[in-house]
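Everything on this sheet refers to the single structure shown next.
Sequence lines set the chain letters: A, B, ... in the order given, protein chains first and strands last, and positions in each chain run from 1.
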Amino acid sequence: MQRYNPKDIEPKWQAKWETDKIYQASEDTSRPKKYVLEYFPYPSGAAMHVGHVRNYTIGDVIARFNRMHGFNVLHPMGWDAFGLPAENYAIKNKVSPRLAIDENTARFKRQLIQMGFGYDWSREIDSTDPKYYKWTQWFFLMLFNKGLAYQREALVNWDPVDKTVLANEQVIDGRAERSGALVEKKSLKQWFFKITDYADRLLGDLDNLDWSESIKSMQRNWIGRSEGMLFTAPIKDSQLQIQTFSAHFEAFSADTFVVIAPDHPFLKELLKGTEGEKHVLDFAAQMVKKRDAQGYSDEENVEGIFTGRYIEDPVGNGDLPIWVASYALAHYGTGIVKCSAHDERDFKFAKKYNITLKPVLFPSDEKEAEKVRNLEYCYTDMRNGILSEPADFAGQTAGENREAIIKYLEDHQLATPQISYKMRDWLISRQRYWGAPIPIIHCPLDGAVPVPDDQLPVVLPDVESYEPSGDGRSPLANVPEFVNTTCPKCGGPAERETDTMDGFACSSWYFLRFADPHNDELPFARDKADFWLPVDDYIGGAEHAIMHLLYARFWTKVMYDEKLINFEEPFTTLRNQGMILAPNGLKMSKSKNNTIEPDEIIEQGYGADSIRIMELFIGPWNQTANWSVEGMGGAFRFLQRIWTLTQEHQDAKEQAGGDQSHEQAILKAAHYTIRSVTKDLEQLGFNTAIATLMEYVNNLYKLKSQDHFADGEAWNFAITSLLQLVAPFAPHIAEELWSKTGHTGSVHTSEWPAYDEALLIEETLTVVIQVNGKLRGEINVSRDADEATVVASAKADQKAARYLENQTIRKTVYVPNKLVNFVI
RNA sequence: GGGCGAGUGGCGGAACUGGUAUACGCGCACGACUCAAAAUCGUGUUCCUUACGGAGUGAGGGUUCGAUUCCCUCCUCGCCCACCA
């Protein structure tokens, strides 16, 4: 018998599967469809490591398991290839990013194939292919025409030395990664998608998704809906008025001052004509600068300055001073807040600047209430706190009166209900070369004009230099042939938009393109999308928990509204695999030089199948695990034992003459394993499914070593089932042994084995004897024995009897087929 | 500060709706094969105790005949978000 050598068999089957097209999907309506998808990878310079491999292994096992269950499985793969690393590579080597991407995708694809992943490569897509981004641009225009894409000024990271806009990941501790210069904020006109219009739907529809609670709660958190009240107040000695938002408005009678964000657009107008106008503006500008450099985290150093202005508070709190405060956020609520003794930040700020505070909310404990009255600490319990003002609610808890307080404020015309979100619109402009060009033409007469459909795609031109333009625009601005064009509306001279789109735009619809990847007339044909979508199982890392998943959900809802598709949520179930860390528990990264690549393990002779087993056996699929080098040996030994077991069977086949009970034992082991593995896989219990298979193999070795086979039928069934059960995990060895044991066709298109429940019914069962809940013995009883018989034989059990001697049994607990517990 | 999740042998982990804690694997020890080693096969492996027996799932308490599992209090770790009014 040949030794198990993965190098001999794995490449052979990979080629054969591709030739036989066994993973190619078509719109065959005779079987139910199943769309299994892993996030399409970014083929960066770094090769794929065993952490990535886990993601694809999970998807592949799910796809194969479903295929063997008779599903028509779509399991595609493609490339999310726009982005910074390719552009950096291009600048450094003065070559087209295209070149870098082509090299990287080729390597990535080879790595995926050598892992034995069953993708339908006829559907391969590449987001940087003009045939693909034509439709990304088409979707941009759809959003634009619906009023969901708009331009406004926004801040970017500006490197004053290299004269370029930096991505967030190019800024490290406030300095440019490359030049080391202190990064400045610069205001540029940029494109946004109005995702906030969809906030409520994005939030509400989460409830019906089969996603992990943690991802859902991250999305809820990110959207950050809060219901509150909007107050309006006139500014004293002025025609102006302000609005403030409060989600914790119950203690509105406590408001004693107002804060406004230092970068609030209204600040200038507010200060106009005040004595300290210039001084306050300068101070505010400084606060903004400090905050941009250090972030918000410096909680101890809140600072502020009095504006010289007051509001006349309509709710009856008198004239309240307006302060500029570093902790106020211009972009949340209205950017202006009425403040009181019942907010930690307000409290701290007021203490620092000796601003009057007036508590109106108190704990029920009088001693504690006295402390709050004396401003010894900040009391914020809006549920249990007892109000002293306004008179209508005096003596009652804030929490129980929230609704009544809303009504009170509305009836007295003091405030109106308002909903506020943390989520902001999606900034999609990138001042970068390597992205899909934004298909807009700027005309001096007609403004921003969409590129007509028949002129799509706006092709990214080849350029000589990928260096930044120096004025904050992308390198495309240096290409006159690209920039200068005519206005589609008036025909006059006009300029193309030079910003490109955020890569997340490309990945917001790719799952639809897989349904119809080669369509030149449409992004996808309606019937094909209807057939395959939504994605049934989406498998990916938690790094996509917020942005990608939210953006893709947003685009899907827009398409639904446009009647392009018939579903509102793109991913029915979402599975987030756990990360694989280096053996020392650190994150794998190229820079730390601690990555482990599948190539080297395959080279060492373990093979792809062993890696796949290891990826899943290492622990629950959704939990983080440290890679174990020693563990690879265990995975390999398991497969090797299958190899040997299966072929010794061939040698031993001639031997005859067994007994029926032995045959029964083999069948029982097989059916038990089929049931157990099937149930585990239905619940994604990959690690326990593999454990069961290991136990099964161990058992078959023992049964075999008694070296008597009956006519071999039971044994044949046992081995055939073993190969099928192991096929999703270790596709190569399963296929090789499948053919070696005389099967035709592929094990991967064979039908998943069925089990016979009747065979698994045990005639005798072990029943445990407990005394006061402690294990004291066990007895074997027949399955249909009645309670009295079982209890009697339990009492008679020698071991247990010792504990019952001279004792009164106060109670006997009997659990059928499980245990007897004597309470003494 | 807010949200989510997790604490079980030397290690990764298992235990279905409360019913024999530690399946499976790694590691380790011993044995078989071998001149020897590797590979392979087999046996053992929670801790304390010579034994009888006892303890034991992060800590403490509770419910129960019985708790890794349910409830309360606390501790530790991981991830995500975070001056979000």
Side-chain angles (χ1 to χ4, degrees), chain A residues 3 212-222 224-226 228 244-249 259 261 291 295-299 302 325-329 331-340 342-346 348-349 380 420-424 542-543 545-546 576 578-579 585 613-614 617-620 622-635 637-638 640-641 644 676 679-680 683 685 687-698 701-702 705 766-778 809-815 817-824:
Chain A
R3 274 173 59 107
S212 75
E213 264 319 302
S214 85
I215 300 285
K216 286 202 217 178
S217 87
M218 276 190 227
Q219 294 224 343
R220 287 194 189 105
N221 231 297
W222 183 265
R225 178 189 155 105
S226 54
T244 61
F245 171 77
S246 175
H248 306 296
F249 49 81
V259 296
R291 194 180 63 187
Y296 288 99
S297 57
D298 205 357
E299 216 172 292
V302 281
S326 60
Y327 69 88
L329 301 166
H331 56 74
Y332 184 74
T334 64
I336 309 175
V337 195
K338 286 213 293 177
C339 303
S340 75
H342 301 298
D343 179 282
E344 299 271 4
R345 294 153 307 168
D346 298 347
K348 210 177 264 175
F349 187 78
T380 60
S420 220
Y421 299 93
K422 287 186 199 175
M423 183 171 68
R424 298 155 74 183
E543 71 271 19
I546 296 173
N576 288 106
M579 232 192 309
I613 294 281
M614 183 62 195
F617 187 61
I618 197 165
N622 53 0
Q623 251 171 56
T624 303
N626 296 4
W627 187 257
S628 157
V629 177
E630 300 81 43
M632 276 309 305
R637 273 192 289 280
F638 166 56
Q640 194 174 41
R641 280 166 69 79
T644 309
S676 186
K679 287 192 170 166
D680 276 352
Q683 300 162 51
N687 56 334
T688 49
I690 293 169
T692 304
L693 285 167
M694 287 171 166
E695 228 171 335
Y696 181 44
V697 170
N698 292 345
Y701 262 88
K702 281 180 195 136
S705 68
T766 304
V767 166
V768 168
I769 308 164
Q770 293 183 340
V771 178
N772 282 348
K774 283 205 163 85
L775 178 68
R776 294 303 185 192
E778 54 182 55
I809 298 170
R810 292 190 298 149
K811 191 176 168 185
T812 303
V813 181
Y814 171 71
V815 183
N817 300 337
K818 280 256 163 68
L819 61 78
V820 179
N821 187 14
F822 298 111
V823 185
I824 55 172

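- As rounded to the nearest Å, B/G44 and B/G9 have C1' atoms that lie 15 Å from one another.
- Atom-to-atom, CE of A/Met694 to P of B/A23 comes out at 14 Å; the value is rounded to the nearest Å.
- Considering only the side chain of A/Val337, B/A85 comes nearest among B/A85, B/C83, B/U20.
- Rounded to an integer number of Å, the gap from CD of A/Glu543 to P of B/C81 is 12 Å.
- Using a 4.0 Å heavy-atom criterion, one finds that A/Asn698 contacts the sugar-phosphate atoms exclusively.
- Classification of B/G9 as syn follows from a glycosidic angle within 90° of 0.
- Using a 4.5 Å cut-off on side-chain heavy atoms (C-beta onward), A/Thr244 and A/Ile336 make contact.
- With a cut-off of 3.5 Å on both pairing distances, B/G18 has no Watson-Crick or G-U wobble partner at all.
- Every residue two or more places apart in sequence or in another chain that forms a side-chain contact (heavy atoms from CB on, under 4.5 Å) with A/Glu213 is listed here: A/Lys216, A/Arg220.
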Per-nucleotide protein contact string for nucleotides 26-34 of chain B (B base, S sugar-phosphate only, - none; heavy atom under 4.0 Å):
SS-------

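- For A/Thr766, the side chain to side chain donor-acceptor pair (under 3.5 Å) partners two or more places apart in sequence, or in a different chain, are A/Asn780.
- Here A/Arg641 reaches the OP1 or OP2 of B/G42: one of its side-chain N or O atoms lies under 4.0 Å away.
- The CG atom of A/Asn772 lies 11.5 Å from the NZ atom of A/Lys811; values are rounded to the nearest 0.5 Å.
- Candidate nucleotides B/G19, B/C83, B/G12 were compared by shortest atom distance to the side chain of A/Tyr327, and B/C83 ranks first.
- Using C1' as the reference atom, B/A38 and B/C47 are 35 Å apart when rounded to the nearest Å.
- Using a 4.0 Å heavy-atom criterion, one finds that A/Ala247 contacts the sugar-phosphate atoms exclusively.
- For A/Asp680, the salt bridge (charged side-chain N to carboxylate O under 4.0 Å, His left out) criterion is met by no residue, not counting sequence neighbours.
- With sequence neighbours excluded, no residue satisfies side chain to side chain donor-acceptor pair (under 3.5 Å) with A/Asn221.
- Among residues two or more places apart in sequence or in another chain, the side chain to side chain donor-acceptor pair (under 3.5 Å) test is passed with A/Ser420 by none.
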Short N/O separations, protein against nucleotides 64-70 of chain B, under 3.5 angstrom:
unit_1	atom_1	unit_2	atom_2	d
B/C65	O2'	A/Asn821	ND2	3.4
B/C65	O2	A/Asn821	ND2	2.4

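- A pairwise comparison of heavy atoms in A/Ala261 and A/Ala328 identifies CB-O, 3.3 Å as the closest pair.
- Straight-line distance between the C1' atoms of B/A15 and B/A59: roughly 23 Å, to the nearest whole Å.
- A/Trp222 places none of its side-chain heavy atoms less than 4.5 Å from the side chain of A/Lys422.
- Comparing the C1' positions of B/G2 and B/C24 gives a spacing of 39 Å, expressed to the nearest Å.
- The same atom, P, is picked in B/C41 and in B/C26; the two are 10 Å apart, to the nearest Å.
- Within the nucleic acid shown, A/Gly777 has no heavy atom closer than 4.0 Å to any nucleic acid atom.
- Using a distance-only test at 3.5 Å, with no hydrogens or angles considered, a donor-acceptor pair links the side chain of A/Asp343 to the main chain of A/Arg345.
- Under the 4.5 Å side-chain criterion, counting only non-hydrogen atoms from C-beta, A/His342 is not in contact with A/His248.
- Atom-to-atom, CG of A/Leu329 to P of B/G1 comes out at 19 Å; the value is rounded to the nearest Å.
- A side chain to side chain contact (heavy atoms under 4.5 Å, CB included) with A/Gln770 is found for one member of A/Val823, A/Leu819, A/Val820 and no other, namely A/Leu819.
- Looking at every heavy atom in both residues, A/Val302 comes nearest to A/Ser326 through CA-OG, 3.6 Å.
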Below 3.5 Å is the cut-off: list the nitrogen or oxygen pairs between protein and nucleotides 14-17 of chain B, distance only.
unit_1	atom_1	unit_2	atom_2	d
B/A14	OP1	A/Asn687	ND2	3.1

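- When both distances must be under 3.5 Å, the Watson-Crick or G-U wobble mate of B/C52 does not exist.
- In this structure A/Phe349 satisfies the ring-ring contact (aromatic ring centres under 6.0 Å, His included) test together with A/Trp323, A/Tyr327, A/Tyr353, sequence neighbours excluded.
- Within the 4.0 angstrom heavy-atom criterion, no nucleotide atom of any strand lies near A/Arg225.
- Rounded to an integer number of Å, the gap from OH of A/Tyr814 to P of B/G18 is 20 Å.
- Judged as a side-chain contact (heavy atoms from CB on, under 4.5 Å), and not counting sequence neighbours, the contacts of A/Ser212 are A/Ser214, A/Ile215, A/Asn576.
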Tabulate protein N/O versus nucleotide N/O from nucleotides 2-4 of chain B, keeping only pairs under 3.5 Å, one per line.
unit_1	atom_1	unit_2	atom_2	d
B/G3	O2'	A/Ser217	OG	3.2

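- No engagement by A/Arg424 is indicated, since no non-hydrogen atom pair under 4.0 Å with the nucleic acid exists.
- Among the heavy atoms of the strands, none lies under 4.0 Å from A/Lys338.
- Partner assigned to B/C70 is B/G62, using Watson-Crick or G-U wobble distances below 3.5 angstrom.
- Using a 4.0 Å heavy-atom cutoff across all strands shown, A/Gln640 reaches sugar-phosphate atoms only and no base atom.
- Of the nucleotides present, B/C81 is the one that pairs with B/G1 by Watson-Crick or G-U wobble criteria, both distances under 3.5 Å.
- Pair assignment for B/G44: B/C28, on the basis of Watson-Crick or G-U wobble contacts that are both within less than 3.5 Å.
- Look at B/C33: it lacks any Watson-Crick or wobble partner with both distances under 3.5 angstrom.
- Pair check for B/G7 finds B/C75; Watson-Crick or G-U wobble, both atom distances under 3.5 Å.
- Here the nucleotide nearest the side chain of A/Ala691, chosen from B/U20, B/C84, B/A23, is B/A23.
- Looking at residues two or more places apart in sequence or on another chain, you find no side-chain contact (heavy atoms from CB on, under 4.5 Å) involving A/Glu695.
- Contact of the A/Met614 side chain with the A/Ser628 side chain is registered, since non-hydrogen atoms from C-beta on lie closer than 4.5 Å.
- Contact check, A/Ser226 against B/A85: a side-chain N or O comes under 4.0 Å of OP1 or OP2.
- For the pair A/Ile336 and A/Val768, both in contact range of RNA chain B, the more 5′-proximal nearest nucleotide belongs to A/Val768.
- Contact annotation: A/Arg345 side-chain N/O to B/C84 OP1/OP2 distance is under 4.0 Å.
- Computed from coordinates, the A/Lys679 NZ to B/A23 C1' distance equals 18 Å when rounded to whole Å.
- A/Asp346 and A/Ser340 get closest at one heavy-atom pair: CB-O, 3.2 Å.
- The same atom, C1', is picked in B/C74 and in B/G7; the two are 14 Å apart, to the nearest Å.
- Taking atom P on both B/G60 and B/A55, the two are 14 Å apart, rounded to the nearest angstrom.
- With both ends at atom C1', the span from B/A23 to B/U8 equals 13 Å, rounded to whole Å.
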